[in-house]
Amino acid sequence: MTQTPHESKHLESAPDIIVARDVHKYFGSFHALQGVNMTVKKGEVVVIIGPSGSGKSTFIRTLNRLEPHNKGEITIDGIELREGSNLDAIRREVGMVFQSFNLFPHLSVLQNVALAPMKVRKQDKATAEKGAMDLLERVGIANQAAKYPAQLSGGQQQRVAIARALAMQPKIMLFDEPTSALDPEMIKEVLDVMKGLARSGMTMLCVTHEMGFAREVADRVVFFDQGNIVEENTPEGFYANPKHERSKLFLSQILGH
Amino acid sequence: MTQRNSILQGVLLLLFVGVLLLVGVQVAEGIARNKIGVDWSVFERKASYGNDDVNYLAKFFQALWFTVRISLLSIVLALLLGIVVGVSRLSSNPVVRGVSSFYVELFRNTPLLIQIFFWYFALVAALPEGVRLALGDALGNAFNVPGLGEAVIASVGALSIYTSSYIAETVRAGIQSVPKGQFEAASSLGLSGTQSLTQIILPQALRVVIPPLGNQFLNLTKNSSLVHAIGLSDLFFWNVQVQSGEGQGVVAIISITLGYLLLSLTITGILNLINGRLTLPSR
Amino acid sequence: MPAVLGLTGGWIFFQRKLGVLALSSSLIGVALASVLLWPMLFPTQIVGGLAMSLILAFLGIVFSLPLGILFGVGRTSSLPIIRRISNVYVEFFRSIPFVVVIFLFYLNLPYVLGNNTQFQAVVLALVIFTSAYVAEIVRAGIQSLPRGQTEAARSLGISGTQTMLSVVLPQALQNMIPPLVGQFISLFKDTSLTSIVAVLELTGVARGIQSRILVANFEVFLFTALLYFGVAYGLSRLADALEKRGPVAR
């Protein structure tokens with residue numbers, strides 16, 4: 001369990017898959033992102049932490065243009081994100097998992113997962129449902145395929161949401177506080193799925209305060225505060241020996257009890 | 001406590017029944033004093049209107065059927081128009097949004113009866129003659145009211161547009177009731193705007209919208225009673241004929257009240273059935 | 001649709017040689033008959049059409065309030081007989097068309113009230129019909145209040161009736177003001193139906209003018225519609241403003 005992912009992955013030679021340069025975002029007069037620069041290698045697992053309102057969620061939402069950025073440049077797998085037609089192509093490459101699951105309540109679990117492959121990838125129903133069942137198997141929830149989201153627990157719903165995002169075979173997975181809305185006893189089942197995914201070589205950006213997850217599978221921890229990156233560090237380094245004053249203060253607040 | 005409640009209930013029930021009896025007796029006396037018989041055999045008399053030589057009972061069911069058909073056609077059109085206008089009210093295009101808002105405000109804030117007259121006396125007359133005659137003939141025959149096709153155009157037009165302005169508001173509220181996260185999840189999966197709307201948003205909005213939509217269907221059916229004002233032989237028209245032609249106003253009004261109650265209860269029943277079907281299972 | 005209306009309007013207007021004359025005369029005619037408080041076209045009419053519509057709607061809403069509150073509170077009662085009576089009353093009048101109620105009262109009530117009481121009968125029809133809808137507003141207003149309000153009052157030892165009168169209703173009534181304005185707008189539009197039993201309110205006056213001059217149907221009904229629209233839209237803006245201020249109880 002104490003394996004360090006860095007050595008096994010050879011990230012140094014991996015190509016850049018996300019490049020963000022000087023990204024700015026305004027909500028009215030509020031300057032939510034103040035020139036964020038970040039590069040993510042293919043296969044890298046990055047954990048983003050920071051206080052609420054620090055811009056961490058906003059930043060990962062700009063990566064699939066749920067929030068269009070106002071200034072700067074974002075390149076995903078060689079395609080630049082901007083106003084225009086490349087958006088659907090990028091969204092197919094980027095899966096997203098939300099804090100509040102956002103499963104489609106009127107569709108069964110299986111239909112939730114099979115919908116996008118059918119409508120976007122134009123797969124036929126049988127192929128899409130076969131693929132969906134495989135993914136549900138992978139997140140350990142295949143026996144609930146016929147149920148509706150409201151019949152599942154929060155942890156189960158979030159695992160379905162992960163399967164739904166994976167169904168588009170994305171190259172990058174974004175997680176926006178995937179365990180924050182869960183009861184404590186359900187957090188582990190979701191984190192286990194995420195860890196498995198990390199070990200399979202998926203490029204992942206996770207906004208999460210789960211320190212165990214970060215220590216176990218993250219290659220890098222990025223600390224956001226007041227709309228920008230304050231510190232980047234290895235998980236070991238960040239939690240044991242943070243460099244920046246604001247990181248120290250933040251860690252003492254979340255770990256202090 | 002419970003004893004006091006029972007006494008209270010008993011007193012109130014007696015009061016309510018008492019008031020009903022008082023009014024009933026007064027009306028009955030008044031009717032007797034004015035020598036107006038309540039003669040249910042009026043149903044067997046030959047109807048004094050129309051040229052199909054049948055009795056008032058047959059006419060009653062013809063009228064009921066007419067009310068059902070004109071309501072159904074108007075409901076379908078109102079629903080289609082209402083969905084289009086309701087979705088347009090949320091458009092990002094300010095012109096589309098403005099036009100649809102204007103549509104809703106205009107038709108919601110004028111009486112239906114005036115709209116029916118407006119259609120009948122002004123709009124239908126202004127249709128190009130070929131269209132007016134062809135459409136009028138077609139609708140007149142379809143509704144078994146040959147020669148009154150123009151009144152049918154006016155009625156269906158006014159009923160469906162009036163109701164569509166209410167349905168549009170219902171649809172808009174229904175769409176807005178779907179959480180923003182659903183749009184985000186759909187678009188982050190790569191679904192297009194149209195796909196998100198048809199696959200994700202509308203099916204969910206539909207469930208929110210069905211009860212108020214059912215109310216609009218009920219209202220439309222009740223409102224169809226106004227088409228008698230431009231000479232169409234619906235249920236209310238039958239009532240007027242029996243009242244003025246045969247002097248049997250009491251029989252007539254009781255009969256159509258029951259007729260409309262039957263229609264309302266049927267619609268409510270169907271809606272409850274649909275609602276039960278659409279309810280999603282939950283823990 | 002509005003564009004179509006405008007175009008057809010213009011087209012009719014253009015077609016008619018005396019279009020301008022017909023338009024202006026009918027506008028002035030309806031305006032005088034509707035707005036002014038003197039009998040211009042109908043010697044038996046004491047007030048103008050628009051004024052009559054407003055008076056009917058006002059009488060209807062004011063007198064429907066006590067009945068509506070009675071049956072609305074009745075629908076939330078824990079006593080089954082009271083609840084059932086209130087339910088039957090509300091559901092019955094909401095299931096039949098307004099024009100049926102008007103006709104029923106107009107024809108039969110004079111037997112109870114005496115000769116020449118058709119006007120009172122029509123007003124009573126408006127009151128009874130509207131009270132069923134007001135009852136629904138009252139019920140929704142009461143049920144939208146947090147349960148904690150009743151529980152707090154009862155736990156202080158206040159009786160059920162007192163809780164309703166001094167805690168629940170005052171809050172619920174304030175929240176009901178916007179939907180009641182909406183109900184007034186509906187009622188104002190629905191007073192047009194009284195023209196079917198020959199009450200000379202705005203629609204009745206418009207029909208009277210239309211059937212006398214016969215040439216300017218479009219203008220007569222457009223102008224009448226605009227008069228209704230002006231009042232109804234103005235009131236709906238007012239209701240929106242009241243609603244934006246938000247519910248009083250939180």
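Here is how names work: the chains are called A, B, and so on, in the same order as the sequence lines, proteins then strands, and each is numbered from 1. The figures that follow rest on heavy atoms only: side chains count, while hydrogens, waters and symmetry mates do not.
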Heavy-atom contact with chain B under 4.5 Å, split by part of C:E91: neither
Separation between CD1 of B:I114 and OG of C:S192, rounded to the nearest 0.5 Å: 6.5 Å
Proximal component of C:R83, with respect to chain B [non-hydrogen, under 4.5 Å]: neither
Point-to-point distance, once rounded to the nearest 0.5 Å, from CZ of B:F117 to OG of C:S195: 5.5 Å
Those residues that, when tested against B:E150, pass salt bridge (charged side-chain N to carboxylate O under 4.0 Å, His left out) (two or more places apart): B:R132
Distance in Å, C:I196 CD1 paired with B:L113 CG, rounded so as to fall on 0.5 Å steps: 5.0 Å
Salt bridge (charged side-chain N to carboxylate O under 4.0 Å, His left out) partners for B:R89, two or more places apart: B:E169
B:F16, CZ atom: more than 12 neighbouring heavy atoms under 6.0 Å: yes
Distance in Å, C:I96 CD1 paired with B:L263 CG, rounded so as to fall on 0.5 Å steps: 12.5 Å
Structural part of B:Q115 lying under 4.5 Å from a heavy atom of chain C: neither
Residue-level interface, residues 227-236 of chain B with chain C, non-hydrogen cut-off under 4.5 Å: B:H228, B:A229, B:F236
Which atom of B:N215 lies closest to which atom of C:R94, heavy atoms considered: OD1-NH2, 4.3 Å
Most contacts with chain C, counted as non-hydrogen pairs under 4.5 angstrom, among B:A252, B:P111, B:S264: B:P111
Heavy-atom contacts under 4.5 Å, residues 217-224 of chain B to chain C: B:K222
Under 4.5 Å from any heavy atom of chain B - which part of C:L107: side chain
Heavy-atom neighbours of C:N116 CG exceed 12 at 6.0 Å: no
Steps toward side-chain contact (heavy atoms from CB on, under 4.5 Å) verdict (C:F92, B:T257): CA-CA 10 Å; C:F92 177 77; B:T257 300; 3.7 Å; yes
Shortest non-hydrogen separation from B:L106 to C:F229 and the atoms involved: CA-CE1, 3.6 Å
Most chain C-contacting option - heavy-atom pairs closer than 4.5 Å, from B:L226, B:I254, B:L12, B:I256: B:L226
Residue C:I81 versus chain B: region with a heavy atom under 4.5 Å: both
C:I82 versus chain B, the contacting section by heavy-atom distance below 4.5 Å: both
Residue part contacting chain B, namely of C:P110, when any heavy atom lies under 4.5 Å: neither
B:L112 versus chain C, the contacting section by heavy-atom distance below 4.5 Å: neither
Gap between atom CG of B:N239 and atom CZ of C:F103 - 0.5 Å precision: 5.0 Å
Worked check of ring pair (Phe, Tyr, Trp, His ring centres under 6.0 Å) between B:F121 and C:F218: CA-CA 7 Å; B:F121 291 112; C:F218 184 85; over 10 Å; no
Nearest-0.5 Å distance that lies between atom CD1 in B:I253 and atom CZ in C:F105: 10.5 Å
